[in-house]
Amino acid sequence: IGMTAASTLCAAWRWRVVARRLDAPLSAGNAIAAYYRSQFLNSVLPGGIVGDAHRAVSHGRDVDDIGRAARAVLWERTAGQIVQAVITIGVLAIMPSPGRRLVPVLLLIVGCAPVVAWHIWRGRRRGTSWAGRVVNTVRSDLREVTQLQVWPALVVASSGVVASHVALFVLVAHVVDPAASVTTLVPLSVIVLIAAGIPVTVAGWGLREGAAAWSFGAAGLGASAGLAAATAYGVASLIAVLPGA
């Protein structure tokens with residue numbers, strides 16, 4: 001519960017930073033409460049994004065601009081995913097694990113983000129067409145969220161979120177297999193968390209367990225230990241976000 005509270009505080013801070021830059025500010029208390037609610041909804045409903053959509057609509061009603069609020073949620077989640085991917089690449093590249101073979105794929109995915117952003121930034125305006133308005137809006141948002149006084153906060157907040165999730169997984173995995181070292185469990189945890197973040201199931205169930213069974217088995221800890229650790233993590237995570245109910 002404490003680790004999830006830490007990740008929620010960091011995520012709410014990240015959301016507030018982005019929302020403030022997009023002229024859709026919200027208070028710390030409202031941000032934390034809304035983020036807990038969002039996490040709870042994401043944990044019990046299919047897709048893993050319903051809670052974020054609800055958070056965007058609720059905030060949009062408060063500021064009388066659902067579109068701007070939705071963009072704030074989109075950009076803060078995007079920042080979090082990019083930082084998580086970078087941390088995952090760093091961990092897998094430095095620490096020995098069966099996930100090292102995934103580094104080139106992750107590098108390709110992460111490398112596409114700045115390329116796409118650069119093309120949007122340098123792209124020509126298209127007048128009042130729908131595509132033109134979208135490009136101009138994205139360019140304007142990128143200009144705001146990449147300011148020097150903004151992106152360090154996003155990196156720190158997102159790193160705090162990832163660290164809290166990794167710590168929770170390592171904790172429950174160590175309970176399942178006390179003989180496993182932290183240096184072995186950390187790279188396995190980032191693999192599992194990346195898989196769990198794919199929004200196609202309920203709270204990552206299934207994908208998370210599959211990734212854990214494969215990675216733990218490949219690391220010599222046993223697929224059953226990975227399955228047990230991932231299941232325990234899912235239960236612990238659900239308990240920890242119950243305040244959002």
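What you see below is based on every heavy atom in this structure, not just the backbone, and it leaves out hydrogens, waters and symmetry mates. Residue numbers count from 1 along this sequence.
Side-chain heavy atoms closer than 4.5 Å link hydrophobic residues (I, L, V, M, F, W, Y) into clusters, and following such links, even through other members, never connects Leu168 to Val161. Cluster annotation: Trp13 is connected to Val150 through the hydrophobic network of ILVMFWY side chains, with a link wherever side-chain heavy atoms come within less than 4.5 Å. Follow the hydrophobic side-chain contacts under 4.5 Å out from Val186 and you reach Leu188 in the same cluster. Cluster annotation: Leu171 is connected to Phe169 through the hydrophobic network of ILVMFWY side chains, with a link wherever side-chain heavy atoms come within less than 4.5 Å. Val57 and Tyr36 fall into different hydrophobic clusters, where Ile, Leu, Val, Met, Phe, Trp and Tyr side chains are chained together by heavy-atom contacts under 4.5 Å.
Ser215 places a side-chain N or O within donor-acceptor distance of the main-chain N or O of Ala212, the cut-off being under 3.5 Å. A distance-only check finds no donor-acceptor pair linking the side chain of Arg68 to the backbone of Gly60 [under 3.5 Å]. When atom types are taken as modelled, the side chain of Ser140 and the backbone of Thr137 share no donor-acceptor pair closer than 3.5 angstrom. The main-chain N or O of Val145 is never found under 3.5 Å from a side-chain atom of Arg21 such that the two would form a donor-acceptor pair.
Separation of atoms CG (Asp177) and CG (Leu221) is listed at 5.5 Å; rounding is to 0.5 Å. Between atom CZ of residue Arg16 and atom CD1 of residue Ile32 there is a gap of 8.0 Å, rounded to the nearest 0.5 Å. Taken from OH in Tyr35 to CZ in Arg14, the straight-line distance is 4.5 Å, to the nearest 0.5 Å. Rounding to the nearest 0.5 angstrom, the gap separating the CG atom in Asp23 from the CG atom in Asp65 is 9.5 Å.
Partners of Ser181 under the side chain to side chain donor-acceptor pair (under 3.5 Å) rule, at least two apart in sequence or in another chain, are Thr183, Thr184. In this view, Trp15 satisfies the side chain to side chain donor-acceptor pair (under 3.5 Å) rule with no residue, not counting sequence neighbours. In this structure Arg208 satisfies the side chain to side chain donor-acceptor pair (under 3.5 Å) test with no other residue, sequence neighbours excluded. Partners of Asn42 according to the side chain to side chain donor-acceptor pair (under 3.5 Å) rule, which considers only residues two or more places apart in sequence or in another chain, are Asp52.
Contacts classified as ring pair (Phe, Tyr, Trp, His ring centres under 6.0 Å) and involving residues 181-227 (residues at least two apart or in different chains) are not found. Sequence neighbours left out, not one pair with a member in residues 173-199 passes ring pair (Phe, Tyr, Trp, His ring centres under 6.0 Å). Pairs engaging residues 64-96 under the ring pair (Phe, Tyr, Trp, His ring centres under 6.0 Å) rule: none recorded [sequence neighbours left out].
Across all their heavy atoms, His59 and Pro25 have their closest contact at NE2-O, 3.5 Å. In plain terms, the two heavy atoms of Leu41 and Gly51 that are nearest each other are CB-CA, 3.7 Å. Of all non-hydrogen atoms in Val166 and Ser189, the two that sit nearest each other are CG1-OG, 3.3 Å.
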Show which side-chain atoms of residues 2-11 pair as donor or acceptor with protein atoms under 3.5 Å away, not counting sequence neighbours.
residue: Ser7; atom: OG; partner: Thr4; partner atom: O; Å: 2.8
residue: Thr8; atom: OG1; partner: Thr4; partner atom: O; Å: 2.7
residue: Thr8; atom: OG1; partner: Gln39; partner atom: NE2; Å: 2.9

When the side chains of residues 224-244 are checked against the rest of the protein, which donor-acceptor pairs come out under 3.5 Å, sequence neighbours left out?
residue: Thr231; atom: OG1; partner: Leu227; partner atom: O; Å: 2.8
residue: Ser237; atom: OG; partner: Tyr233; partner atom: O; Å: 2.8

Could you list the donor-acceptor pairs under 3.5 angstrom formed between side-chain atoms of residues 79-98 and any protein atom two or more places apart in sequence or on another chain?
residue: Thr88; atom: OG1; partner: Gln84; partner atom: O; Å: 2.7
residue: Ser97; atom: OG; partner: Gly99; partner atom: N; Å: 3.2

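Other residues sharing the hydrophobic cluster of Ile194, ordered by chain and number and joined by side-chain separations under 4.5 Å: none, the residue standing alone. Under a 4.5 Å side-chain heavy-atom cut-off, the cluster of Ile, Leu, Val, Met, Phe, Trp and Tyr residues that includes Val202 has no other member.
A 4.5 Å side-chain heavy-atom check between Pro187 and Ile191 finds every atom pair outside the cut-off. Looking at heavy atoms from C-beta onward, Leu207 lies in side-chain contact with Val200 at the 4.5 angstrom threshold.
Exactly one residue among Val18, Leu154, Val17, Leu22 makes a side chain to side chain contact (heavy atoms under 4.5 Å, CB included) with Glu76. That residue is Val18.
We find that Glu144 and Arg71 are not joined by a salt bridge, their nearest charged nitrogen and carboxylate oxygen being 4.0 Å or further apart.
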